Amino acid sequence: MPTLDGLSARIGRRSAGSTTSVKVTGRGSVPATLESAVLTISVINPAATGNLKVYPCGLGAPTAINISYPAGRTTTLTTITGLSATHRF
């Protein structure tokens with residue numbers, strides 16, 4: 001899971017059904033007072049068809065899906081999400 005600042009580099013392909021937490025504040029010039037974020041999410045060459053949900057940590061996964069993707073095809077979406085009290089989604 002590469003990120004522009006490299007903080008999540010080399011964690012590799014995410015397995016089906018897994019959850020990955022990303023801290024937004026403290027990266028680049030992102031202020032610690034941030035309550036939501038605009039994100040561009042890319043799924044690159046997935047092994048299987050699937051979907052991805054973006055949501056604040058600690059709230060439980062929503063029923064709505066942010067992005068659905070087919071196997072082997074790069075898919076990108078821009079979305080807005082709130083952040084948890086620890087500034088994570």
Side-chain angles (χ1 to χ4, degrees):
M1 186 176 89
T3 56
L4 292 178
D5 61 10
L7 291 177
S8 298
R10 299 187 188 143
I11 66 171
R13 189 181 291 263
R14 307 289 79 216
S15 60
S18 68
T19 300
T20 302
S21 170
V22 177
K23 185 172 182 182
V24 177
T25 59
R27 301 171 85 140
S29 60
V30 177
T33 56
L34 193 69
E35 294 180 7
S36 61
V38 178
L39 310 166
T40 299
I41 307 292
S42 295
V43 178
I44 301 169
N45 194 26
T49 297
N51 61 67
L52 185 136
K53 299 176 182 183
V54 178
Y55 57 95
C57 288
L59 295 183
T63 56
I65 295 168
N66 290 91
I67 187 170
S68 293
Y69 51 87
R73 184 171 177 192
T74 297
T75 307
T76 301
L77 172 85
T78 299
T79 189
I80 300 171
T81 186
L83 302 176
S84 69
T86 59
H87 309 288
R88 296 178 173 273
F89 68 88

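All values reported here derive from a predicted model rather than from experimental measurement. We use all heavy atoms of the structure for the numbers below, so side chains are in, but hydrogens, waters and symmetry mates are not.
To the nearest 0.5 Å, the span separating CG on L52 from OG1 on T20 amounts to 8.5 Å. In this structure, OG1 on T63 lies 6.5 Å from NZ on K53, to the nearest 0.5 angstrom. From I67, atom CD1 reaches atom CG of N51 across 10.0 Å, with rounding to the nearest 0.5 Å.
The shortest side-chain heavy-atom distance between E35 and L83 does not fall under the 4.5 Å cut-off. Side-chain contact check for S84 versus L59: every heavy-atom pair is 4.5 Å or farther apart.
The environment of R73 atom CZ is sparse: at most 12 non-hydrogen atoms of other residues, nucleotides or ligands sit within 6.0 angstrom.
Minimum heavy-atom separation, G82 to P56: O-CG, 3.2 Å. Across every non-hydrogen atom of V24 and A37, the tightest pair is CG1-CB, 4.4 Å. The minimum heavy-atom distance linking K23 with R88 is given by the pair N-NH1, 3.6 Å. Considering every non-hydrogen atom in both P46 and P70, the closest pair reads CG-O, 3.2 Å.
Residues L77 and Y69 are members of one and the same hydrophobic cluster, defined by side-chain heavy-atom contacts under 4.5 angstrom among Ile, Leu, Val, Met, Phe, Trp and Tyr. Both V43 and F89 are members of a single hydrophobic cluster when ILVMFWY side chains are connected at heavy-atom separations under 4.5 Å. Linking ILVMFWY residues whenever their side-chain heavy atoms come closer than 4.5 Å, directly or via other members, places V54 and L34 in the same cluster.
The side chain to side chain donor-acceptor pair (under 3.5 Å) test applied to T78 returns T40, not counting sequence neighbours.
No donor-acceptor pair closer than 3.5 Å links the side chain of S42 to the backbone N or O of I44.
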**Item:** side chain to side chain contact (heavy atoms under 4.5 Å, CB included) between N66 and I41, intermediate numbers included
**Value:** CA-CA 9 Å; N66 290 91; I41 307 292; over 6 Å; no

